[in-house]
Amino acid sequence: MEKVFNPHTIEGKWYELWVKNGYFTANNSVEGEPFSIVIPPPNVTGMLHMGHALNNTLQDIITRYKRMAGFNALWVPGTDHAGIATQNVVERELAKEGLNREMLGREKFVDRVWEWKEQSGNTIIEQLKRLGCSCDWSRQRFTMDAGLSRAVREVFVRLYNEGLIYRDNYIINWCPRCKTALSDLEAEHELTNGSLWHIRYPLADGSGHLIVATTRPETMLGDTAIAVNPSDERYAPYIGKDVILPIVDKRIPVIGDSYVDVTFGTGVLKVTPAHDLNDFEISKRCNLDVVKVIDDDGRMNENAVHFKGMDRFECRERIVEELDKKGLLEKIEPYALGVGKCYRCKTVVEPSLSRQWFLKMKPLAEPAIEAVRNHQVRIIPEMWEKTYFEWMENIRDWCISRQIWWGHRLPVWYCDRCDRTYVSAEDLSTCEVCKGDLRQESDVLDTWFSSGLWPFSTLGWPDDTKDLRTYYPTSVLITAFDILFFWVARMIMMGIRFMGQVPFREVYIHALVRDAEGKKMSKSKGNVIDPLLMIDEYGTDAFRFALAMLAAQGRDILLSEERVEGVRNFVNKVWNASKLSLTFIDSGTAGIESGKSAFLPDRWIRSRLQKVVRELSESIEKYRFNEAANAVYSFVWHEYCDWYLEMVKPNLYGKVDSFDPSLTRSVIHRTLSDILKMLHPLMPFVTEEIYQRLPVRESESIMVAPFPKYTEAEVDEAAEQEMDLVMGIVDVVRNIRGETGIAPNVRVEAVVRADGRASILQEYGYYIKELAKIEHLAFMDGRPPEQSAVGVYKGIEVFVPLKSLIDVSKELGRVAKELQKIEEDSERLLKKLNNPSFREKAPAEVIAKNQETFDELMKKKEKLVSSRELLENLAGN
RNA sequence: GGGCGGGUAGCUCAGUGGGAGAGCAUCGGCCUUACAAGCCGGGGGUCGGAGGUUCAAAACCUCUCCCGCCUACCA
């Protein structure tokens with residue numbers, strides 16, 4: 001085996017083997033409790049970023065763990081067609097060729113997108129494979145597959161027939177660049193510094209003017225009224241009068257509406273029904289005209305008088321200029337407002353009246369709220385429940401139609417001859433009534449409409465399939481919070497509506513990955529860490545393990561390259577520890593389990609392993625990935641490597657023959673195998689590589705080996721306590737050596753006074769000597785040797801005769817420092833113990849524990865004081 | 001406007017009522033044949049601030065100061 005582990009030579013090899021042997025493929029008729037996850041489908045346009053890497057690493061950890069633990073595990077992979085995003089990508093490609101989609105026409109354009117999808121759409125899938133994801137690729141889905149498209153139509157038709165889908169004129173967010181409507185969620189509000197322009201609207205009777213405050217002066221061209229609050233004494237008398245709309249030079253009424261906030265601006269509101277949601281609501285209440293002034297491309301239209309054809313933002317400036325010139329601009333105030341931007345292209349969206357398709361959400365939301373409230377769906381961490389409720393309780397109808405070409409075309413047909421509308425899961429061509437030709441709705445559905453069906457559409461719905469019966473509801477959904485509303489909430493609603501059951505039992509919401517400074521990673525900031533570069537540089541195992549270690553609940557993950565490097569070192573440690581372990585084992589050492597080793601380190605490591613197995617399993621089950629990773633990290637490095645492997649060497653190298661080495665070899669065999677299996681979900685590749693080198697294995701691949709189970713019979717509290725003493729004594733000697741500057745290659749003398757607890761230390765004296773570099777280890781009960789440094793562990797004293805080995809003043813300093821610490825600690829404890837209310841009210845075991853600690857400190861102090869006297873004499877001589 | 005999260009060692013973070021922890025960084029000593037991507041040892045924190053509850057608070061309550069996020073139909 002190489003001295004340094006090289007991940008790149010092995011990763012591809014094992015992944016291929018796993019696929020070839022079908023380990024990822026779930027069998028829906030096999031025994032075992034089902035465990036299923038559906039992947040949050042990445043966009044087909046996607047390139048693996050840190051968010052994907054974390055998300056999929058966590059899913060893979062839990063899937064591999066469950067699979068090894070005996071579950072019938074299924075992880076369904078797939079991709080999302082990502083309507084607007086994908087269309088934009090292909091349009092950019094066309095632009096390079098001097099083309100645009102209109103030039104191609106709808107059909108050819110869609111063909112072109114499919115072509116693109118076939119060529120490039122698999123990039124992210126290949127990247128997931130490099131991450132080691134154990135997805136069932138035989139069940140890979142795409143939101144525009146025939147099957148999933150059928151599910152989309154079925155859902156649309158049913159919702160329409162139930163009256164939940166309707167078509168209406170309403171204010172929606174319009175992206176002038178993507179030229180489509182967006183849902184409320186797709187408009188991201190960003191606090192922006194703007195202005196509040198105060199504009200004079202002259203009264204038609206010439207008796208003065210009213211001042212209106214607005215952040216979007218260009219929309220005034222579409223004003224059809226101005227409104228005041230009827231309870232506002234300042235303005236109530238004006239209600240019913242007319243004002244002259246400046247520039248347009250048109251009479252519009254002053255109306256009263258209680259919506260107007262008397263405290264905002266001037267208390268006078270301009271009403272632009274076509275470009276503002278509230279104004280539109282007012283217009284319906286008051287029966288006002290609706291005048292659109294901004295076109296679908298963000299330019300002013302024919303209603304904008306001489307501004308026709310001008311860009312909306314330029315128009316804003318020109319209008320302000322013109323108003324100013326006419327003396328109608330009262331003042332300009334700086335004002336910060338939330339500006340909506342398209343989540344795909346960041347263009348400022350225009351609220352605009354438009355005829356769109358909507359889905360009524362309230363009836364869907366109610367059972368979905370209930371499901372979370374009564375924990376049919378458990379959201380973890382729980383704090384996200386509040387956010388979920390907050391949004392769901394105030395949910396508004398969802399604009400589901402998009403004016404793009406790439407996506408699921410609405411299954412709606414119109415007869416232009418007799419003006420009928422048909423909604424059907426099957427394609428239609430002829431009007432049943434007038435036999436005229438039918439025209440299919442040109443709009444497509446919001447991408448999130450199809451992803452909302454993902455947990456059951458991927459399993460075969462609307463057919464009643466074995467997969468659905470076996471794996472639905474899925475066990476858990478693992479995702480980041482940024483798509484809680486976009487996706488998670490909608491899946492819960494749709495799952496309950498169409499399956500009659502929640503889509504998943506648990507939702508684990510993990511953090512966002514940020515850079516080392518805590519900033520959101522983005523291309524424009526240039527702080528993006530490319531996961532594939534991390535994999536290239538440090539290996540997949542190190543990268544995955546690092547993500548897991550950082551994945552604490554409820555906090556963002558700040559990833560730095562150094563962190564991954566540190567874990568790379570751990571992977572190498574595992575590699576080297578395995579290399580050594582493998583030299584101790586052979587095909588004969590596997591089966592010897594009946595003869596329980598009496599060798600303390602053997603008993604100890606097996607006992608410790610049980611506890612770590614339990615901790616690891618519990619942590620993964622609770623999605624505490626950082627705790628899982630940390631537990632196994634410190635066990636492997638600091639217990640197995642630092643103590644256990646060091647301690648078995650003398651025995652196995654034949655330096656002492658007090659214990660049967662074949663039993664120890666057997667323990668190493670089992671323990672190494674268990675460690676590999678424990679690590680496998682976290683670092684799949686290196687563990688497989690080493691597993692394959694075991695002389696005897698339980699299975700062809702570690703992937704399908706049984707996960708270690710907590711075994712009570714191997715728990716050995718006595719061994720843990722005895723080992724604790726041995727390690728404690730070694731630590732004391734090492735500490736004296738380190739602190740007093742004894743060179744590592746110098747062997748020292750040591751004397752232990754253990755007050756009757758010497759036997760275990762005597763028994764393992766040879767090992768203590770090896771670990772602490774002691775030449776002679778003596779045990780005594782009487783007077784301590786003179787001229788010695790002393791250390792105490794749990795009341796056992798260790799003397800290291802100084803002779804000429806050490807610097808006396810240094811040692812005095814060390815003792816003084818330790819005494820001071822004892823002084824501080826014991827003082828605090830004493831105060832507590834002497835407190836009558838503490839003695840009265842604290843639980844007995846807490847009092848006992850404190851007392852015990854105090855007694856120990858006192859003992860230690862006594863010993864150090866005598867040691868100090870000794871040293872002082874020595875210094876005096 | 002409403003809501004949420006965070007402020008613990010130089011850095012990144014664990015730690016939800018009883019002796020302040022980890023990784024990295026740092027300092028000192030070691031090429032001890034599994035591993036220098038390593039080994040051994042050390043230093044370093046009045047747990048954002050104030051008050052309160054309690055025998056006991058980093059943790060619970062109140063207030064307060066910073067930082068971040070989500071959400072919203074105040075033009």
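A note on names: the letters A, B, ... follow the listed sequences, proteins ahead of strands, and every chain is numbered from 1. This structure is a prediction, so every number in the text was calculated from the model and none was measured.
- In this structure, NZ of A:K832 is placed 17 Å from P of B:rU54, rounded to the nearest angstrom.
- Contacts of A:D261 with the nucleic acid, taken as non-hydrogen atoms under 4.0 Å apart, include base atoms.
- Taking atom C1' on both nucleotides, B:rG44 is separated from B:rU26 by 9 Å, rounded to a whole Å.
- With a cut-off of 3.5 Å on both pairing distances, the Watson-Crick or G-U wobble partner of B:rC13 is B:rG21.
- A:Y343 and A:E188 share no donor-acceptor pair across their side chains, judged by distance under 3.5 Å alone.
- Residue A:Y335 has no polar side-chain atom (N or O) positioned under 4.0 Å from OP1 or OP2 of B:rC74.
- Spacing of C1' atoms, B:rA58 relative to B:rA9, comes out at 14 Å, to the nearest Å.
- When heavy atoms are screened at a 4.0 angstrom cut-off, A:F389 is found touching no nucleic acid atom at all.
- At the heavy-atom level, A:F485 lies under 4.0 Å from the strands shown only through sugar-phosphate atoms.
- Stacking of A:R216 on the aromatic ring of A:W197 is not recorded, the 6.0 Å distance cut-off and the 45° axial limit not both being met.
- If you check every strand for non-hydrogen atoms under 4.0 Å, A:W197 touches nothing.
- In plain terms, the two heavy atoms of A:K270 and A:I226 that are nearest each other are CA-CG2, 4.1 Å.
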For nucleotides 29-37 of chain B, just jot down a letter per nucleotide in 5' to 3' order: B, S or -, based on protein non-hydrogen atoms under 4.0 Å. SS---BBSB
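- Residue A:H638 places no side-chain N or O under 4.0 Å from the OP1 or OP2 atom of B:rC40.
- Not one side-chain nitrogen or oxygen of A:N630 sits closer than 4.0 Å to the OP1 or OP2 atom of B:rG23.
- Rounded to whole Å, the separation between the C1' atoms of B:rC61 and B:rA20 comes to 23 Å.
- Here A:P836 lies out of heavy-atom contact (under 4.0 Å) with every strand.
- Distance A:R563 CZ to B:rC11 P: 15 Å, rounded to the nearest Å.
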